[in-house]
Number of protein chains: 2
Amino acid sequence: MKYIEKLRNSGLRPTKQRLQICEVLFDTERTFHFTINQLEQRIKDKIDNKISLATIYNTVHAFEKKGYLKQIPLNSNQTYFDTNVTDHHHFYDLKKEKLIDLENSDVGPINIKRKINGKKIKSIEVLVKLDD
Amino acid sequence: MKYIEKLRNSGLRPTKQRLQICEVLFDTERTFHFTINQLEQRIKDKIDNKISLATIYNTVHAFEKKGYLKQIPLNSNQTYFDTNVTDHHHFYDLKKEKLIDLENSDVGPINIKRKINGKKIKSIEVLVKLDD
DNA sequence: ACACTTATTTAGAACCATTATAAACTGCAA
DNA sequence: TTGCAGTTTATAATGGTTCTAAATAAGTGT
Ligand SMILES: [Mn+2]
Ligand SMILES: [Mn+2]
Ligand SMILES: [Zn+2]
Ligand SMILES: [Zn+2]
């Protein structure tokens with residue numbers, strides 16, 4: 001398995017559940033955005049055994065902490081995650097409630113002129129909301 | 001009262017509760033960011049009668065729909081609102097869990113080069129997360 | 001002022017995404 | 001193999017938000 005090493009190197013035991021979740025999350029042609037419930041559904045579709053919802057939450061949070069996933073700031077009753085952990089921005093289609101990645105070449109450089117004393121910029125994220 | 005007209009013009013009846021919430025939200029030197037629970041506390045501090053939590057939710061959502069408040073996309077278990085409804089961006093201090101307005105002069109122009117067929121840009125919001 | 005209609009307020013229940021619990025299980029090093 | 005820390009799991013608890021339906025208040029017409 002290609003994820004055993006990755007997990008071990010992160011200090012996470014490569015359990016059956018985590019490896020299967022890795023396949024669902026990272027064995028894909030493209031990166032994608034998901035809520036926990038959407039991920040639960042994908043897992044059900046792709047694997048035979050059951051993984052408890054608690055484990056899905058635990059794993060997603062563990063992966064997020066290790067930097068393999070990130071949360072996307074959005075106003076929704078559910079938390080959105082992204083398998084694309086590179087710096088990038090988003091369109092948010094308000095009608096379809098769907099996120100679309102913006103390539104870095106799609107957005108001009110963001111120039112933050114103001115500084116806050118003793119604070120460092122950790123990330124800069126642009127959210128472009130789309131109407132009809 | 002200065003808000004009676006404003007509410008009537010919006011098709012909202014100027015009730016005692018709404019007028020009092022207007023005072024808490026809009027009779028301020030500066031605009032500010034808040035969660036419902038923070039607003040509830042401010043209301044308790046500023047006025048003598050009680051306003052039910054349901055009314056606070058109802059009013060905030062009514063004001064948001066009319067464009068007197070807006071939500072700020074953020075990953076938190078609580079929804080954040082802004083009394084500054086002009087287009088502007090935010091710092092988010094991760095340690096203090098506090099939002100800080102960026103003036104438009106603090107951020108260079110955002111240039112979104114990509115278009116989505118049949119969709120119009122409704123808003124562009126930048127969130128700058130701050131570390132120590 | 002009064003009656004009538006409709007909007008609003010309210011306490012409390014319901015909802016539901018997320019987190020906590022604690023017992024069973026598993027990976028792994030000694 | 002044994003022991004232990006890490007992990008999984010069913011289930012309960014949490015808590016922000018929304019819903020409900022009855023009481024109250026505002027607007028309208030007379
Ligand atoms: Mn989370
Ligand atoms: Mn809301
Ligand atoms: Zn993305
Ligand atoms: Zn703001």
Side-chain angles (χ1 to χ4, degrees), chain A residues 1 3-24 33-44 47-66 68-81 97, chain B residues 1 3-24 33-44 47-66 68-81 97:
Chain A
M1 288 292 200
Y3 298 110
I4 291 181
E5 198 67 3
K6 178 177 174 172
L7 290 175
R8 281 229 186 80
N9 291 342
S10 311
L12 298 173
R13 289 189 181 171
T15 63
K16 180 175 140 197
Q17 291 87 345
R18 281 176 178 162
L19 290 169
Q20 290 178 322
I21 293 174
C22 274
E23 282 174 31
V24 174
H33 309 110
F34 64 93
T35 64
I36 294 287
N37 285 314
Q38 289 167 350
L39 177 59
E40 187 186 23
Q41 193 53 57
R42 284 199 191 216
I43 289 168
K44 273 185 194 144
I47 72 177
D48 288 326
N49 51 302
K50 186 196 175 187
I51 298 181
S52 78
L53 184 57
T55 295
I56 296 173
Y57 272 100
N58 290 341
T59 301
V60 165
H61 287 137
F63 287 3
E64 185 197 5
K65 187 172 287 182
K66 296 298 179 182
Y68 302 141
L69 291 174
K70 63 176 184 184
Q71 280 189 232
I72 304 170
L74 211 60
N75 281 123
S76 166
N77 56 328
Q78 293 174 246
T79 304
Y80 276 79
F81 293 90
E97 293 184 30
Chain B
M1 288 293 199
Y3 297 111
I4 292 180
E5 198 67 3
K6 179 177 174 172
L7 291 174
R8 279 228 185 79
N9 290 343
S10 311
L12 298 172
R13 289 186 182 173
T15 63
K16 180 174 139 198
Q17 291 87 345
R18 281 176 178 162
L19 290 169
Q20 289 178 321
I21 293 174
C22 275
E23 283 175 31
V24 173
H33 310 110
F34 64 92
T35 64
I36 294 289
N37 285 316
Q38 290 167 350
L39 177 58
E40 188 186 22
Q41 193 52 57
R42 283 198 190 217
I43 288 168
K44 274 185 194 146
I47 71 177
D48 288 325
N49 52 303
K50 187 196 174 186
I51 298 181
S52 78
L53 184 56
T55 295
I56 297 174
Y57 272 101
N58 289 341
T59 302
V60 165
H61 287 138
F63 286 3
E64 185 197 4
K65 186 171 288 180
K66 296 300 180 184
Y68 302 140
L69 291 174
K70 63 176 183 182
Q71 281 190 232
I72 303 170
L74 210 61
N75 281 124
S76 167
N77 56 327
Q78 291 173 247
T79 305
Y80 276 79
F81 294 90
E97 293 184 29

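No experiment lies behind these values; they were computed from the predicted model shown. In the text below, chain A, chain B and the rest are named by the order of the sequence lines, each starting its count at 1.
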Euclidean distance, atom [atom1] of residue [X] to atom [atom2] of [N] [Å, nearest integer]:
X: A/Lys65; N: D/dG6; atom1: NZ; atom2: C1'; answer: 14 Å
X: A/Asn77; N: D/dG15; atom1: CG; atom2: C1'; answer: 14 Å
X: B/Glu40; N: D/dT18; atom1: CD; atom2: C1'; answer: 15 Å
X: B/Gln38; N: D/dT17; atom1: CD; atom2: P; answer: 11 Å
X: A/Tyr57; N: D/dA10; atom1: OH; atom2: P; answer: 15 Å
X: B/Ile56; N: D/dC19; atom1: CD1; atom2: P; answer: 18 Å
X: A/Ile36; N: C/dC16; atom1: CD1; atom2: P; answer: 18 Å
X: B/Gln71; N: D/dG16; atom1: CD; atom2: P; answer: 16 Å

How sharply is the helix from C/dA1-D/dT30 to C/dA30-D/dT1 bent, taking the axes over five pairs at either end and rounding to 10 degrees?
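Helix axis angle between the two ends: 30°.
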Under the side-chain contact (heavy atoms from CB on, under 4.5 Å) rule, collect the residues that match up with B/Glu40, sequence neighbours excluded.
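With sequence neighbours excluded, B/Glu40 shows a side-chain contact (heavy atoms from CB on, under 4.5 Å) to B/Asn37, B/Lys44, B/Leu53, B/Ile56, given in chain and number order.
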Using 30° and 60° as the class boundaries, would you call the ring planes of A/Phe34 and A/Phe81 parallel, tilted or perpendicular?
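Rings of A/Phe34 and A/Phe81: parallel, under 30°.
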For a 4.5 angstrom cut-off between non-hydrogen side-chain atoms, does B/Cys22 reach B/Phe63?
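Yes, their side chains come closer than 4.5 Å.
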Any side-chain heavy-atom pair from B/Ile36 and B/Thr79 closer than 4.5 angstrom?
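No, every pair of side-chain atoms sits at 4.5 Å or beyond.
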Using heavy atoms to find the nearest nucleotide of DNA chain D for A/Ile51 and B/Asn37 separately, return the residue whose nucleotide is more 5′.
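Its nearest nucleotide being more 5', the pick is A/Ile51.
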Atom CD of B/Glu23 and atom CZ of B/Arg42: how far apart are they, to the nearest 0.5 Å?
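Rounded to the nearest 0.5 Å, the CD-CZ separation comes out at 14.0 Å.
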Tell me every residue that passes side-chain hydrogen bond (donor to acceptor under 3.5 Å, both in side chains) with B/Asn49, counting only those two or more places apart in sequence or in another chain.
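So B/Asn49 forms a side-chain hydrogen bond (donor to acceptor under 3.5 Å, both in side chains) with B/Gln20.
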Just jot down the side-chain hydrogen bond (donor to acceptor under 3.5 Å, both in side chains) partners of A/Gln17, sequence neighbours excluded, or say none.
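Checked A/Gln17 against side-chain hydrogen bond (donor to acceptor under 3.5 Å, both in side chains); zero matches.
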Closest to the A/Ser52 side chain, choosing from D/dT17, D/dT9, C/dT19
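Shortest atom-to-atom distance from the side chain points to D/dT9.
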Counting side-chain heavy atoms from CB outward, which of C/dT19, C/dT9, C/dT18 is closest to B/Gln17?
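Of the options given, the side chain of B/Gln17 lies nearest C/dT9.
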Please confirm whether the shortest side-chain N or O distance from A/His61 to OP1 or OP2 of C/dT18 is below 4.0 Å.
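No.
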Can you confirm whether A/Glu97 is buried at CD, in the sense that more than 12 heavy atoms of other residues, nucleotides or ligands lie under 6.0 Å from that atom?
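No, the 6.0 Å shell around CD holds no more than 12 heavy atoms from other groups.
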Could you work out, with ring-ring contact (aromatic ring centres under 6.0 Å, His included) as the rule, every residue matching B/Tyr80, not counting sequence neighbours?
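In terms of ring-ring contact (aromatic ring centres under 6.0 Å, His included), with neighbours along the sequence ignored, B/Tyr80 is linked to no residue.
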Review item, nucleotides 21-28 of chain C N/O atoms under 3.5 Å of protein N/O:
from: C/dG27; atom 1: N2; to: A/Arg13; atom 2: NH2; distance (Å): 3.4
from: C/dG27; atom 1: N3; to: A/Arg13; atom 2: NH1; distance (Å): 3.2
from: C/dC28; atom 1: OP1; to: A/Arg8; atom 2: NE; distance (Å): 2.9
from: C/dC28; atom 1: OP1; to: A/Arg8; atom 2: NH2; distance (Å): 3.2
from: C/dC28; atom 1: OP2; to: A/Arg8; atom 2: NH2; distance (Å): 3.3

